[in-house]
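Take a look at the structure below.
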2 protein chains.
Amino acid sequence: MSADALFEAHLTKEDFAGYEDADKFKEYIPKLEAYRKRLADAVPAEITATLPKAVEELQKEQFNAVDYLYKEKLLTPQEFEYTDAPVKTLLAKIASGEWTAVDTYKAFAKRALLAHAFTNCAMEFMLDDGLQKAEELDAYYKEHGKTVGPLHGLPVSLKEHINYKGHITHASFVSNIDNIAEESSVSVQLLGKLGAIFYVRTNQPQTLMHLDSQNNYTGLTKCPYNLLLSSGGSSSGEGAICAYGGSVVGIGSDIGGSIRAPAAYSGCHGLRPTTKRISLLGGVSALGGQESVPAVAGPMARSIDAIELWMKHYINDGKPWDYDPWANRIPWREVEVPKAEDLTIAVIRDDGLVRVSPPIRRGLDQVVEKLKAAGVKILEFTPPKTDVAYQTINKMYNCDGNYMQGSYLKKSGEPLAKLTKWNLNYGDGAKMYNVAENRQLNMTRDNLRNEYNDYFVANNVDFVLSPAYNNVAPHSEEVYNWSYTALWNILDFPTMSFQTGLKQDPELDVWTEEDKNYTYRSDLEQLENENYKPDEFKGAPIALQLTGRRYFDEEVVAASKLIVDDILKVDLLKN
Amino acid sequence: MSADALFEAHLTKEDFAGYEDADKFKEYIPKLEAYRKRLADAVPAEITATLPKAVEELQKEQFNAVDYLYKEKLLTPQEFEYTDAPVKTLLAKIASGEWTAVDTYKAFAKRALLAHAFTNCAMEFMLDDGLQKAEELDAYYKEHGKTVGPLHGLPVSLKEHINYKGHITHASFVSNIDNIAEESSVSVQLLGKLGAIFYVRTNQPQTLMHLDSQNNYTGLTKCPYNLLLSSGGSSSGEGAICAYGGSVVGIGSDIGGSIRAPAAYSGCHGLRPTTKRISLLGGVSALGGQESVPAVAGPMARSIDAIELWMKHYINDGKPWDYDPWANRIPWREVEVPKAEDLTIAVIRDDGLVRVSPPIRRGLDQVVEKLKAAGVKILEFTPPKTDVAYQTINKMYNCDGNYMQGSYLKKSGEPLAKLTKWNLNYGDGAKMYNVAENRQLNMTRDNLRNEYNDYFVANNVDFVLSPAYNNVAPHSEEVYNWSYTALWNILDFPTMSFQTGLKQDPELDVWTEEDKNYTYRSDLEQLENENYKPDEFKGAPIALQLTGRRYFDEEVVAASKLIVDDILKVDLLKN
């Protein structure tokens, strides 16, 4: 069957009747154009001028924008020093008065604008807000001789669907274009008090339910390491801006892979914490009241250190439970980086649903060899009931019969993106479940959690290592399978998507003869595997996932430091 | 309107068609009789002989069984010493070898049998199991010179619906009479490892959804301080056995008041912790997969010390998350008993739904005066949107259209208890909600949680003091209103139901002339208020609730020690 036929075969459960309405949508077009114009106007001509060619041309060439940034010295040496500083150095230099918040901020703002010029990662720049906050921080520091808080001067980027006071918050639903947030979200308020600077809100797909970025506001975001490819999603812009270095930490959200996929594809690290550690109060989504598989907010960054520091201060100093009783009152524990020889890691090489592509296979092999060489005990792990897990979570997403997504979409009649049609057909599509059926899904989920938890405990497994996706960054609008990330959402096990330092190599990463004789286990697998053609994924980052038991977030982060920093010696701040 | 008419007026949403079926039920009768016979046979003749009259006669006389226990010296001085020892003394004496686990256990077993003879609190005695475990503990101690764990020798009673390996677990559904648990629940396993001794499983109502005890297995449980009255529910047997001193700690569960009501009515203390601190994995209920208002397990005891010690060891030494990934990995924090002058407590005197009866009013007045005298800052608090909260939680209970409760009940065709009919008519009765509607309920709940949390934070309120019910222990099968307890379930705020040391006094606790001119705000209020006739509630314990913010369990327990032990000087271990 052709890829198109396979795709069409999936679209059988939701008929999209009443969704698209060109007449209704027409009314929104001027507002959308104004929105895009504000974004375009925010990017100065000297930034746009750094592009060697039109972006469309760069995309065809699989252009590496990160490489170009360094080679062509698009920043001054001082700007590189600010924006490539380890997070603790950056905060310490501002806290000691050696660097000002304003100078540091300006370097990040410039790098963020560059990131956007190449990858289309931003939805909205608030550069004046950022500058004003930086000036206030410097003034406070000058007057009091101390910082306002532990994140004094930290440049943080925000996924757009997080409320930002006085600004449109739309979650990529066109019908929300007049929705001005009355208050900033809890996370924005809390991080602001700790000293963070906000200056950019980033791209995400229509419905927030693609591991990709298409929407009717600003369109696709691209992988900075290969502009032909997707930056992932749904925290699409965060993936690109963080990987490019336009912010120190980005805040994404994840209900099926939406932090981990963009981190993996774009070239940074991303933590999907256990639910309820980071507040999600104050934001737009179509999943209000849905608690079978809760969304989670979490940090993305170029270093595990930045992720750890952000989690620690967010929780211990921010005390989200003072603003949001949904947030668990669990302090962030200081956990030492473990010794390799004390660790047992179980490896998933195949989840039984979709075979991984050659670069991911190579990444897994090399990382496992290095872990073994360092003394880590490795177990091979065939994860049980992944089909049940994936079917169940897909039903959970849509079991309101697409009521809320449908309401938001139908209101504007906006055109449906290709992957919106894909996600509206998850599970039983537009079938409205009743409460008894929903409770059955929850019981299935709880049994899966028990079974996986028992596996960890019974085998003294500390972590599971797995692919973050069956491929490296795919082509835009061709991300069909969520099974590798979504498994950890239904289990609610904290998971770090981390860079291995390896990149796709068209020579090395080819399908073998044995691969070519493979019999696909499903249409989905065929669709995904056929999308991998070695020549089209040049230099795409190779990332994996590390997963711990529920609430073992601190251990996952500490072990990620061991693996990324010490064993793999990946340093994304050096280029 | 008469009470009967008011009751009937409520029963309009569920028609009970297909529930009761005398023919089907007939098949279960021999098994039920055998079940009751095993229970009756477990009680030795010398225990039954201690009753001065038939229980039916004692009930008419509003007999005080606790008073009688001490006055008539139903236990030996040594047995009183064991069973009235403070928990730390008891554990220390066993741990030092001064007391054996067997001697201690035998005293509790005898007191538990007495409790049952007077109040009908037990469903099942496992006295041989208890003795065997006590002997094993002594043997271990003798061999190793140390205890097996921090709860070595602690007699613990269990609500019946908690799985106990090899024993019937039915949750008072007759259709479950052949359901033999293959494994003990997580809590039983975990506490067993820490050294707890189990020997009795206790009564609960049909469906678990009465704040009372009627069922087709063993019938009603009575308040030990006044045998005419209800022991409360749904942890009905735990209320009576703990208040009578037949165990040191009892494990109950609470989804609308089911720990706090029986503790309040029966004469002990009971903590409803925040959800997910105590595992509920391994048990029978009709609410599997229901997570809009999750059930919670928690301890009941005659001292706050016992509750605190149990929580601390259960969580910190038991590590429930190793068995059950649903359980939050939040260690129990050591929190100092606060100083009265550092506390701000907001008082709810009326929840806007059902006026409290005279003894509760007196209890509130006296406790507030003592708190003020001790230096506590008191705020008057009119809780917002209690009508919305109560309507919403009632819908959450039944929004599966009574599917699961109905399935369990219809299978045996068992007769429906009066209050089963009452609870099946909660919310929208047998209306099956769809998922979108359920998500709306969840959003309403989350908004309420935010509003109440904001009240605490904005006003620097540490705790809320409120009635545990609009009355003292009511007559059996006349518990209609859950609003005072259920408020804290929908908010998921940890709440201690505690004894004030005061008892109902027919002379003091009368309706005033002003009361008699009161205009009822609802049928429910009329029904509840008209049930309070001063002469029929002689000596009923007067209890209140103390509530903290979500996850502030440790603070609630520490403040309860201040209030109960230091300010009110209530000592239920002395009589």
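Just so it is clear: chains get the letters A, B, ... in the order the sequence lines come, proteins before strands, and each one is counted from 1.
Crowding of F16(B) atom CZ: a count of heavy atoms from other residues, nucleotides or ligands under 6.0 Å exceeding 12. Under a cut-off of 6.0 angstrom, the local environment of NZ in K411(B) is sparse, with at most 12 non-hydrogen atoms contributed by other residues, nucleotides or ligands. In the displayed structure, K385(B) atom NZ is contacted under 6.0 Å by at most 12 heavy atoms of other residues, nucleotides or ligands. Within 6.0 Å of NZ on K165(A) lie no more than 12 heavy atoms contributed by other residues, nucleotides or ligands.
The shortest distance between side-chain heavy atoms of I330(A) and R329(B) does not fall below 4.5 Å. With contacts defined as side-chain heavy-atom distances shorter than 4.5 Å, the pair N450(B)/L281(A) qualifies.
Per-residue counts of heavy-atom pairs under 4.5 Å with chain A were compared for F456(B), F493(B), Y433(B); the largest is that of Y433(B). Between chain B and the options M404(A), R333(A), E437(A), the largest number of non-hydrogen pairs under 4.5 Å is found for R333(A). Per-residue heavy-atom pair counts under 4.5 Å with chain B were compared for Q440(A), R445(A), K276(A), and the maximum is reached by R445(A). With chain B as partner, the option from R449(A), E291(A), Q290(A) having the largest number of non-hydrogen pairs under 4.5 angstrom is E291(A). For the set P325(A), C399(A), A436(A), the entry with the most heavy-atom pairs within less than 4.5 Å of chain B is P325(A).
For N328(A) and Y551(B), the side-chain atoms include at least one donor-acceptor pair closer than 3.5 Å.
Take N394(B) and apply the side chain to side chain contact (heavy atoms under 4.5 Å, CB included) test, not counting sequence neighbours, and it matches Y390(B), Y397(B), Y426(B).
Of the atoms belonging to T274(A), not a single heavy atom falls under 4.5 Å from chain B. If you measure heavy-atom distances from N453(B) to chain A, the contacts under 4.5 Å come from the side chain alone. Proximity to chain A (any heavy atom under 4.5 Å) is shown, for T444(B), by neither the backbone nor the side chain.
Taking CZ of R439(B) as the reference point, atom OH of Y403(A) lies at 11.5 Å (rounded to 0.5 Å).
N442(A) contributes a side-chain N or O that, together with a main-chain N or O of G289(B), makes up a donor-acceptor pair within less than 3.5 Å.
Heavy-atom proximity under 4.5 angstrom to chain A picks out W321(B), D322(B), Y323(B), D324(B) from residues 317-324 of chain B.
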